[in-house]
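Note on naming: letters A, B, ... go to the chains in the order of the sequence lines (proteins, then strands), and numbering restarts at 1 for each one. Just so you know, these numbers use all the heavy atoms, side chains as well, and skip hydrogens, waters and symmetry mates.
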Amino acid sequence: MVDAISMTLIKVNESGELPISSIPSPAVEPPKRPEWGDFSCNVAMTLASKVKQSPLKVAEILATTLLTQFPELFKQVDVAPPGFLNFTLHPICWIDVLRTIERHGSSYGTSQIGKGSSILLEFVSANPTGPLHVGHGRGAALGQAMASLLTASGYAVSREFYINDAGRQLQLLGRSVYARYREFLGKDSTFPEDGYHGDYIKELAESFAHSHGETLLEQPPDEAVAVAAQAASQILLDRIEEDLALFGVKFETWFSETTLHSKGLVQKTLDELRERDLAKEEDGALWFRSSEFGDDKDRVVKKQDGSYTYLAADMAYHRDKLDRGFDTLVNIWGADHHGYIPRMTATVQAFGHEKESLRVVLVQMVSLSRGTQKIEMSKRSGEFVTLREVVEEVGSDAAKFFFLMRRADTHLDFDLELAKQQSSDNPVYYVQYAHARLASVFRVAQERGVPLPTIEDVDASLLLGADELGLIKTLAQYPFILEGSALALEPHRVTFYLQELAAQLHAYYNKHRVLPAAENAVKSEDRPQEDGATTNGKASTVGHESTNTQLTPDVTAARLALLRQVQTVLRNGLTLLGISAPEKM
RNA sequence: GCGCCCGUAGCUCAGUUGGAUAGAGCAUCGGCCUUCUAAGCCGGUGGCCACUGGUUCAAGUCCAGUCGGGCGCACCA
């Protein structure tokens with residue numbers, strides 16, 4: 001398609017009809033309205049000013065040349081103001097799409113645009129100081145879908161969870177648990193000012209009292225707190241891993257912040273900064289000259305008291321990621337961390353990498369509701385809805401779909417009532433139902449001894465009606481949706497596509513019968529079909545004079561073959577998002 | 001004060017990286033099952049794309065400014 005246009009451009013240039021100094025690469029896209037054909041191209045308008053002719057004139061020249069050059073491909077090439085070229089292919093060309101889907105099956109839609117380039121995808125990375133909440137769930141669903149999407153597009157993806165198991169938060173956890181532990185044993189205790197208030201802290205403390213008895217009381221508080229912190233974070237981390245597994249999210253690596261310190265990598269990172277003359281001593285602290293790379297100001301990495309800042313550890317972490325040889329680092333962060341991006345891109349550049357090698361996807365907050373009733377959440381009081389609770393209530397399919405329904409950088413309203421509803425209002429069921437419905441048709445077909453044909457077995461000319469072609473064209477888009485979605489790191493595009501395809505399928509299903517009625521075999525009729533494709537010479541069974549299509553065995557076979565491909569694409573898309581494609585509902 | 005994100009139908013949001021007459025779903029009103037799953041379909045109602053200016057053949061999309069909402073601005077993590 002694009003090649004045809006490029007060749008034509010070269011031809012008209014050589015023949016002198018249009019003197020083009022440089023041949024542009026034409027942009028071809030499906031037009032907004034079906035009446036405008038199968039593809040449209042704007043190259044005439046971009047060229048018009050260069051060749052000093054009106055866009056319409058340029059388009060005319062290209063259109064006639066294209067049509068005479070490629071008669072077997074184009075049925076029609078139209079020119080529309082202000083200078084669009086609209087192409088209509090011979091309908092029969094579209095049948096190739098179905099053959100492609102049938103041939104590739106579950107791999108239909110995958111590509112190699114990533115060319116094997118390696119990506120480290122870091123997401124969730126919740127502190128092991130409490131259970132995962134819904135916000136983490138959104139990040140988890142997004143990361144998981146993104147990983148599948150990128151893998152399907154030819155990238156080598158590795159998923160990683162960064163464990164913040166060093167520093168103040170963990171100490172606070174230890175002090176919280178220790179305080180509850182003393183409380184439980186009837187000793188006096190002072191709960192830390194901004195400690196963790198959730199009930200899970202009490203549970204941890206109690207189980208701690210059972211396993212350790214009163215032994216911790218005999219230790220100095222500092223040591224006891226450290227022991228409590230260690231034990232509690234390990235348990236909480238295990239639960240996080242469990243919750244994620246339950247949600248269908250897995251990581252190749254769990255990277256512990258502590259190992260950065262124990263291996264001396266933080267100090268090494270700062271040493272390297274000095275070597276590169278990107279560090280400075282000031283006010284008794286060590287600073288990273290991040291402003292050299294566009295940050296607002298320089299940042300402290302080693303405090304006056306000699307301890308490292310969080311940034312220092314994070315710099316060491318990102319340096320380590322790059323040292324492991326990844327081409328691109330993708331981080332999924334909560335939107336409240338956006339101010340951190342300049343620091344991190346500065347880090348990447350400080351160690352000699354392009355700033356494009358770090359891509360940060362920001363995820364906005366999730367607010368929960370039941371119908372119109374909002375559910376208040378406050379982390380301070382420890383009253384927030386956990387991911388596990390949501391998954392148990394609405395199921396992991398619905399949870400994932402809802403998390404992936406919106407662009408990452410917009411607020412998400414998650415309606416628990418809606419997610420549980422089994423109706424067309426619920427987009428998850430809507431898409432899954434389309435898949436199950438088709439499965440049911442195939443089941444009934446087999447029960448009645450109707451064979452399930454392949455595309456090669458059927459009379460393809462029976463699939464050239466407007467509704468059939470509409471479905472086929474949507475199926476043809478799928479690989480492009482995946483590609484765009486992967487490049488932009490936007491899985492929500494796949495969710496929207498699936499809803500569109502499902503809608504089209506449901507409409508088709510309601511309008512056209514596939515199997516003959518159970519008792520009296522051939523009496524069923526479709527509603528009038530649009531004229532057009534049926535004028536194609538081969539379509540002998542499609543009565544040109546009659547506006548109705550008889551549901552002959554040939555028609556049944558052709559439609560079955562078409563619908564199998566629809567089902568394949570529905571299944572591929574759902575699977576990619578980590579959502580099940582049920583055979584029955 | 002500075003920086004980032006957002007502003008599209010009554011509500012929740014898409015908008016193919018600058019294209020033609022801006023689209024869905026919800027809500028609301030009215031239809032469609034003796035037949036392959038009604039967890040479905042068909043039709044009606046709804047818009048100053050926050051505002052102003054600029055860039056060009058073309059702006060919801062890019063740039064500048066204004067207004068409004070959210071979030072950041074630590075030798076915290």
Under 4.0 Å, counting only non-hydrogen atoms across every strand here, what does A:V444 touch: a base, just sugar-phosphate, or nothing?
sugar-phosphate
Assign A:A436 to base, sugar-phosphate, or nothing according to its heavy-atom contacts below 4.0 angstrom with the strands shown.
base
Can you say whether the rings of A:W333 and A:Y340 are parallel (under 30°), tilted (30 to 60°) or perpendicular (over 60°)?
perpendicular
Tell me whether the OP1 or OP2 atom of B:rC5 has a side-chain N or O from A:R407 closer than 4.0 Å.
no
Going by an N to O cut-off under 4.0 Å, is there a salt bridge joining A:E393 and A:K420?
yes
Can you identify which nucleotide, out of B:rA14, B:rG19, B:rU37, has its nearest atom closest to the A:R406 side chain?
B:rA14
One thing to verify: whether A:K57 and A:E60 come together as a salt bridge, which I'm taking to mean a side-chain N less than 4.0 angstrom from a carboxylate O.
no
Students often get this wrong, so: under 4.0 angstrom with heavy atoms, is A:D314 touching a base, only sugar-phosphate, or nothing?
nothing
Take atom CE of A:M405 as the centre, draw a 6.0 Å sphere, and report whether it contains more than 12 heavy atoms from other residues, nucleotides or ligands.
yes
Please state the P separation for the pair B:rA50 and B:rA9 - nearest whole angstrom.
8 Å
Tell me, for nucleotides 68-77 of chain B in 5' to 3' order, what letter each nucleotide earns: B for a base near a protein heavy atom under 4.0 Å, S for only sugar-phosphate near one, - for neither?
--SBS-SBSB
Take atom P in B:rC42 and the same atom in B:rA24, then report the distance between them in whole Å.
11 Å
Looking at residues 478-502 of chain A, who's got a heavy atom less than 4.0 Å off RNA chain B?
A:A488, A:H492, A:F496
Determine whether the aromatic ring of A:F84 stacks with the base of B:rA20, defined as ring centroids separated by less than 5.5 Å and ring planes inclined by less than 30°.
yes
Indicate whether the side chain of A:D38 and that of A:T88 have a donor and an acceptor atom separated by less than 3.5 Å.
no
Mind checking if A:T410 touches a base, just sugar-phosphate, or nothing, with heavy atoms under 4.0 Å?
sugar-phosphate
Base, sugar-phosphate, or nothing for A:E583, non-hydrogen atoms under 4.0 angstrom?
base
Could you identify the nucleotide paired to B:rC32, looking across every strand shown and requiring Watson-Crick or G-U wobble geometry with both distances under 3.5 Å?
B:rG40
Is A:Y430 close enough to B:rC41 that one of its side-chain N or O atoms is under 4.0 Å from OP1 or OP2 there?
yes
Considering only atom C1', compute the distance from B:rG60 to B:rC6 and round it to an integer number of Å.
14 Å
With rounding to whole Å, what would you report as the distance between B:rU56 and B:rC13 at their C1' atoms?
31 Å
So, is A:R559 near the phosphate of B:rC36, with a side-chain N or O under 4.0 Å from OP1 or OP2?
no
Any luck finding a side-chain donor-acceptor pair between A:E160 and A:Y317 under 3.5 Å?
yes
When the C1' atoms of B:rG1 and B:rU17 are compared, how many Å lie between them, rounded to an integer?
34 Å
Pick base, sugar-phosphate or nothing for A:Y509, based on heavy-atom distances below 4.0 Å to the nucleic acid.
base
